[in-house]
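Working notes, structure below.
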Amino acid sequence: MTRSIITLTTDFGSADHLAGTMKGVILNINPDAEIADITHHVLPYDLLDGALAIGQAYKFFPPKTIHVVVVDPGVGTERRPLLVSAGTHYFVAPDNGVLSMIYEREEQLTVRHITSDHYFLQPLSTTFHGRDIFSPVAAWLSKTWQTNAFGEEITDFVRFTLPKPKPSGKGVKGVVLRADNFGNLLTNLAAEDMPQVIAGTSFKMRIGNVEISKFAQTFSEGGPNEPVLLMGSSGFFEVAVNRGSAAKVVGANRGAEVTVEFA
Amino acid sequence: MTRSIITLTTDFGSADHLAGTMKGVILNINPDAEIADITHHVLPYDLLDGALAIGQAYKFFPPKTIHVVVVDPGVGTERRPLLVSAGTHYFVAPDNGVLSMIYEREEQLTVRHITSDHYFLQPLSTTFHGRDIFSPVAAWLSKTWQTNAFGEEITDFVRFTLPKPKPSGKGVKGVVLRADNFGNLLTNLAAEDMPQVIAGTSFKMRIGNVEISKFAQTFSEGGPNEPVLLMGSSGFFEVAVNRGSAAKVVGANRGAEVTVEFA
Amino acid sequence: MTRSIITLTTDFGSADHLAGTMKGVILNINPDAEIADITHHVLPYDLLDGALAIGQAYKFFPPKTIHVVVVDPGVGTERRPLLVSAGTHYFVAPDNGVLSMIYEREEQLTVRHITSDHYFLQPLSTTFHGRDIFSPVAAWLSKTWQTNAFGEEITDFVRFTLPKPKPSGKGVKGVVLRADNFGNLLTNLAAEDMPQVIAGTSFKMRIGNVEISKFAQTFSEGGPNEPVLLMGSSGFFEVAVNRGSAAKVVGANRGAEVTVEFA
């Protein structure tokens, strides 16, 4: 029998005890759980950024992994805590849309409103449900696997759609979803949005203060300070600079508009 | 039989190999130990900040957890390495007061001066006792659980008292202990220092360049850029801004004075 | 039987899902593997910095530890993925010299070009081999321990020599390899390069805009803002300031020249 795996994705940063305290709560309930940090550096309060982080990582974990996702600006309010069964994975998160990419990608969804408060830490704080609700629910689930013990199924959970590309003249218009650690700019343009690029059609992409016409297979095809377009590892096109920061060279960041035209 | 759990709290940051090297030392001695990072971002050399990090997190871990706390500006000097049994937890740390919150909160205390140097890595460096003393002692303890093998009990260990609130006019005066990742300002004012606030008495708090009179239950009760007072998850009052940084809005940070007056 | 241990050293930072995704891939193949982060904050694309991180940490881990090292500016190009057996440790990394310190320190070396692509994730991306090649190879190795199943041995692997100190007048000239989290400046000067210092001979070290003549045993021997020379925990001399940042006080950082003269 293999160990239960619980992942953590939060906007708590790493300078505070918060993520560590969540680990303590989990291990106190299930000392045999294996905890894996995905990231604690989701942009503070940023549901889209959180949705992207867990949405890109979860499917690489084993079946039955429990993912705790805490980006929770409404902590302590009436927003509901959720336990979601999605395909072969479980998710514990606030009902604020931070699981939207999961809802989009998984067909078999069961979303429960966690109401069984005997699983919560007491006294229940109004400011740290990562500690008092989400971690203990994940830990208890990793021992019992009885999702229906935590609350009733609901269908009116909160979801948002990721920003979608739109047709624009002879091309398509998208947006930068985020800049990664290297300054690579992740767009919301997927392969199916620009099959011409992959097929080798010439194109002009405008982003920030530059125009890009080179589709590269690898980062190293670009010259110094030359931004190029790449198919990123998550299935979205990315703008990158070889051994440099596209964000700096291009002068763009999250939310920047990207337009692509074909000849 | 459950696994031994060892936590790490240091000011080593995450850019260096230091925390990773400590994990190697522990796993080399006890490959079955489970290591949980609390934080490696205690402010450099800052004993109060370290005391707060471990002091807020430790009690959420299971009984018998061994907490390694390395904020150690005096490394290599005559300051003593300690093994502390406190309630159901163990602590391995330098004798410089970084465990002061533990001493304050736990009644059953046994503090030992670690002198059994056959547990240390050799050659013993003068600059990295996290690797050479604290990690191996924690790892050996997690196998043997024989605290008395590590050294004699002492009573003259170093401790400091956390800054205490003082009466001030018709109210109380406190201090900001730290700003967290969101910019929330943790004060040293606990529930018992201001029961009036919790009871609903009107108050005026001066902090930084603002005056606060709103006691909120949740972060989201505040308007945009409106700093509010909250009861934080660690039992101290906090100043917060809904989806913003109180540190920025209020213009205050660690060490800032906080005064509260009641009508 | 003890668990397999896999360490991670990358330049991915902690703000992205990348390191978390690698953990998912590993646990999906070997749910019983124990994963330990060494650091994800190697300077982006910086092979020397990566070589130093893994080179200083690896030997403290148990025999049979598998170290995944991903600093990989050439990802997706013809640069080869390697599986290295070095002494009692294993390394999985791109063939770009990032393992140079391992090659320098271990005499028993077997370097294999990983070609058995049935171990890779499919479809294979051109931008994230940490996920698609290095993690799965490490995970499969941790189950089978059959290094020869992954590819043929090679001898023409890429290695660079760390910058070496040179004689200079009546002394020696070196370089700053990196500044750590505290601002301590790690030089490339080892004990054998300056035995006179350890023997107590007086010296003058020029670094940045200061001259140093004090060799200290511990950080705390220095006065406020006084830079001193120390023997660091990795066997290299370091310049440090007691409870301060030598990088700031001295005005030097990675790559800065260090000259030492003896009377």
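Residue numbering restarts at 1 for every chain, and letters A, B, ... go by the order of the sequence lines. Just so you know, these numbers use all the heavy atoms, side chains as well, and skip hydrogens, waters and symmetry mates. None of these values were measured; they are calculated from a predicted model.
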Is the backbone N or O of A:G74 less than 3.5 Å from a side-chain atom of B:S220, with the two atoms forming a donor-acceptor pair by type?
no

Between A:D16 (side chain) and B:N181 (backbone), is there a donor-acceptor pair under 3.5 Å?
yes

Enclosure of B:K214 NZ (heavy-atom neighbours >12, cutoff 6.0 Å)
yes

Count the heavy atoms of every other residue, nucleotide or ligand shown that sit under 6.0 Å from NZ of A:K164, and state whether that count exceeds 12.
yes

Distance from B:N184 atom CG to A:T127 atom OG1, nearest 0.5 Å?
8.5 Å

Would a distance-only check, ignoring hydrogens and angles, find a side-chain to backbone donor-acceptor pair under 3.5 Å from B:R243 to A:Y45?
no

On a heavy-atom basis, which atom in A:H17 and which in B:A57 lie closest, and how many Å separate them?
CB-CB, 4.0 Å

Any B:M231 side-chain heavy atom under 4.5 Å of A:S125 side chain
no

I need the residue from A:V25, A:I26, A:L18 with the largest number of non-hydrogen atom pairs under 4.5 Å to chain B.
A:V25

Just wondering, more than 12 heavy atoms not from B:K248 lying within 6.0 Å of its NZ?
no

Audit row: A:T77, B:F219, side chain to side chain contact (heavy atoms under 4.5 Å, CB included) steps and yes/no:
CA-CA 9 Å; A:T77 66; B:F219 293 118; over 6 Å; no

Among A:L27, A:N28, A:T21, side-chain contact (heavy atoms from CB on, under 4.5 Å) partner for B:F61
A:L27

If only atom types and distance count, is the side chain of A:R131 paired as donor or acceptor with the main-chain N or O of B:S233 below 3.5 Å?
yes

With a 6.0 Å cut-off (strictly less than), is the heavy-atom count around CD of A:Q122, excluding the residue itself, greater than 12?
yes

Assess whether a salt bridge exists between A:K23 and B:E34, defined as any Lys/Arg side-chain N lying under 4.0 Å from an Asp/Glu carboxylate O.
no

Which of A:G76, A:P123, A:P73 touches chain B most, by non-hydrogen pairs under 4.5 Å
A:P73

Where is the tightest heavy-atom contact between B:H41 and A:A15, given as atom of each residue plus distance?
CB-CA, 3.6 Å

How far apart are the C-alpha atoms of A:D11 and B:F182, what are their side-chain angles, what is the distance that settles it, and do they pass the side chain to side chain contact (heavy atoms under 4.5 Å, CB included) test?
CA-CA 9 Å; A:D11 61 354; B:F182 301 96; 3.3 Å; yes

Does A:E152, at its CD atom, have more than 12 non-hydrogen atoms belonging to other residues, nucleotides or ligands within less than 6.0 Å?
no

Proximity breakdown for A:A19 and chain B, heavy-atom pairs closer than 4.5 Å:
neither

Count the heavy-atom pairs under 4.5 Å between each of B:N242, B:T9, B:L52, B:I38 and chain A, then report the option with the highest count.
B:I38

